[in-house]
*Asks:* 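Just passing along the structure, written as structure tokens.
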Amino acid sequence: MDILRPALVNINGRIYRKNPVKEEHYEDEEEEDFSYSEPVADQCIDEPCDAVNIEQTEKGFRCAIDVPGVLYKYIIGKKGETRKRLESETKTSISIPKQGVEGQIVITGPQKSAVASAVTRVEVLIESFRRKQPFTHFLSFALNHPQVQEGFQRFKEEVLEHCSQGLGVDESIFQNPAKLHLTIGTLALLNEQEVMRACELLQQCQGFIRDITEGKPLALEVRGIEYMNDDPSMVDILYAKVITQDASDRLQQIADRLVESFVGAGLMVKEWDRVKLHVTVMNTLFRKDPSVEDKGGPGRQNMKDREAFDARNILEMFGEFFFGACKLDSVQLSQRFSSDCTGYYCSAGQVTFS
């Protein structure tokens, strides 16, 4: 680890340094076999007592923190070892709701500093495992407008007609036209409270979005194709490019500001300096799972067991293919693995540009 640039963790707007630890791995993760092999004290630095809301009680001090039920097992650890270690090292008591029951983790102790220390360690531990959860929602611009869908269908038919002899090119790797979209960023929202929090934050973003769009829909064109990696003969993702008809960067501004807002709130992890504006049209992950969604950028897909395809002929013949034009008027908090009556992803919340 570079001691001058340590790994940082954003938890509810507070920044912690995360020190490297060794994790123990167990075969059956559903049996609460989670633990750290090194002392919990080595996982993070302690925060000042005023960084968390700690109440004074007749018996000492108390702090309740919101933690999604799916993450309780990481605080409990294998046979309760993690919780016992936390309690022993901080001289506190940690009360955790029963599995399957949503509630707060309550930490109590005789000293305020001890409770603050335990809270900090629990939050850093939770954040470490939260990052390993599969994403449940994503911010998206829906680009399944009729003209774009028609253009995509034409593209698919012509590619299959003229380029199906290419290695790995077949119908199974094409996107579902009803789900054509641009991914802004992904979120792991682990209970209804977190979904509501994300929806509220999205509503708060409406002001700057309308400032950027001047209260009007954005006129877009979906034109041209490109590939993610550096070898056109071994491609996993082929995407269509999106541009504003006025040649402005307003769509990029909206996407980047949204990511900045959600990262700042601790609801999203920043993976790239800027959002890569692209619409996936072919993805080799679709071979095994047609419902999969990409994470909005290169290099982050699960590469295991993927069969790449040769895109050279496709790029040569359809490099400037025009998929269509549309007016974009909303950004949505989309639910993964879902479909609404139009075939697009179910929306947990949305804001409009106009």
Side-chain angles (χ1 to χ4, degrees), residues 9-12 14 16 18 21 23-41 43-44 46-47 51-137 187-200 265-267 335-338 348:
V9 180
N10 183 328
I11 301 175
N12 298 325
R14 302 197 302 276
Y16 299 98
K18 184 174 186 299
V21 297
E23 296 179 32
E24 291 183 2
H25 299 279
Y26 301 90
E27 294 181 0
D28 187 358
E29 291 191 339
E30 294 305 316
E31 295 300 321
E32 298 184 352
D33 285 348
F34 300 94
S35 178
Y36 277 118
S37 59
E38 295 186 7
V40 181
Q43 292 172 26
C44 60
D46 294 338
E47 280 292 290
V52 292
N53 183 24
I54 299 175
E55 304 171 350
Q56 187 167 9
T57 67
E58 294 181 357
K59 297 182 179 181
F61 296 88
R62 175 185 185 276
C63 184
I65 55 177
D66 293 314
V67 177
V70 69
L71 300 178
Y72 293 161
K73 58 189 176 183
Y74 301 112
I75 301 301
I76 297 170
K78 182 183 180 183
K79 298 181 180 179
E81 291 175 359
T82 301
R83 174 165 59 178
K84 292 175 184 176
R85 190 184 306 128
L86 281 164
E87 291 177 328
S88 173
E89 294 182 358
T90 60
K91 303 299 188 291
T92 59
S93 175
I94 301 175
S95 176
I96 302 174
K98 293 181 180 180
Q99 198 69 33
V101 177
E102 291 290 337
Q104 294 181 312
I105 290 180
V106 178
I107 301 175
T108 57
Q111 296 182 342
K112 186 177 182 180
S113 59
V115 173
S117 177
V119 169
T120 298
R121 299 175 194 204
V122 167
E123 287 187 331
V124 172
L125 190 60
I126 285 299
E127 190 63 22
S128 298
F129 283 104
R130 174 186 286 279
R131 288 171 179 249
K132 299 179 181 179
Q133 303 302 307
F135 74 92
T136 60
H137 295 73
L187 307 91
L189 305 176
L190 305 180
N191 57 23
E192 285 301 316
Q193 289 75 19
E194 293 190 349
V195 174
M196 290 178 60
R197 184 177 165 217
C199 289
E200 290 170 358
L267 289 170
Q335 183 178 336
R336 193 181 186 190
F337 303 129
S338 68

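All of these numbers come straight from a predicted model, not from anything done at the bench. Reckoned from all heavy atoms, side chains included, excluding hydrogens, waters and symmetry mates.
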*Asks:* Between SG of Cys199 and CD of Glu192, what distance do you get to the nearest 0.5 Å?
*Replies:* 9.0 Å
*Asks:* Between Leu125 and Leu86, which heavy-atom pair has the shortest distance, and what is it?
*Replies:* CD2-CD1, 4.5 Å
*Asks:* Are the side chains of Ile105 and Ile75 in contact, using a 4.5 Å heavy-atom criterion?
*Replies:* yes
*Asks:* May I have all residue pairs that pass salt bridge (charged side-chain N to carboxylate O under 4.0 Å, His left out) and include part of residues 58-72, sequence neighbours excluded?
*Replies:* Glu55-Arg62
*Asks:* Please name the pair of heavy atoms, one in Arg121 and one in Glu89, separated by the smallest distance, quoted to 0.1 Å.
*Replies:* NH1-OE1, 3.6 Å
*Asks:* Applying side-chain hydrogen bond (donor to acceptor under 3.5 Å, both in side chains), name anything that partners Glu102, two or more places apart in sequence or on another chain.
*Replies:* Asn191
*Asks:* Hey, are the side chains of Pro110 and Thr92 touching, using non-hydrogen atoms and a 4.5 Å cut-off?
*Replies:* no
*Asks:* Quick one: side chain to side chain contact (heavy atoms under 4.5 Å, CB included) partners of Ala188, sequence neighbours excluded?
*Replies:* Gln133, Leu190
*Asks:* Test of understanding: with side-chain hydrogen bond (donor to acceptor under 3.5 Å, both in side chains), list the residues that count as partners of Glu194, not counting sequence neighbours.
*Replies:* Arg130
*Asks:* With sequence neighbours excluded, what pairs up with Thr136 under the side chain to side chain contact (heavy atoms under 4.5 Å, CB included) test?
*Replies:* Leu189
*Asks:* For His137 and Val195, which heavy atoms make the closest approach, and how far apart are they?
*Replies:* CE1-CG2, 3.9 Å
*Asks:* Decide yes or no for Tyr74 and Thr82: does some side-chain heavy atom of the first lie under 4.5 Å from some side-chain heavy atom of the second?
*Replies:* no
*Asks:* Between Tyr72 and Gln99, which heavy-atom pair has the shortest distance, and what is it?
*Replies:* CB-OE1, 3.7 Å
*Asks:* According to side-chain hydrogen bond (donor to acceptor under 3.5 Å, both in side chains), who are the partners of Gln111, at least two apart in sequence or on a separate chain?
*Replies:* none
*Asks:* Please list, chain by chain and in numerical order, all residues satisfying side-chain hydrogen bond (donor to acceptor under 3.5 Å, both in side chains) with Arg83, sequence neighbours excluded.
*Replies:* none
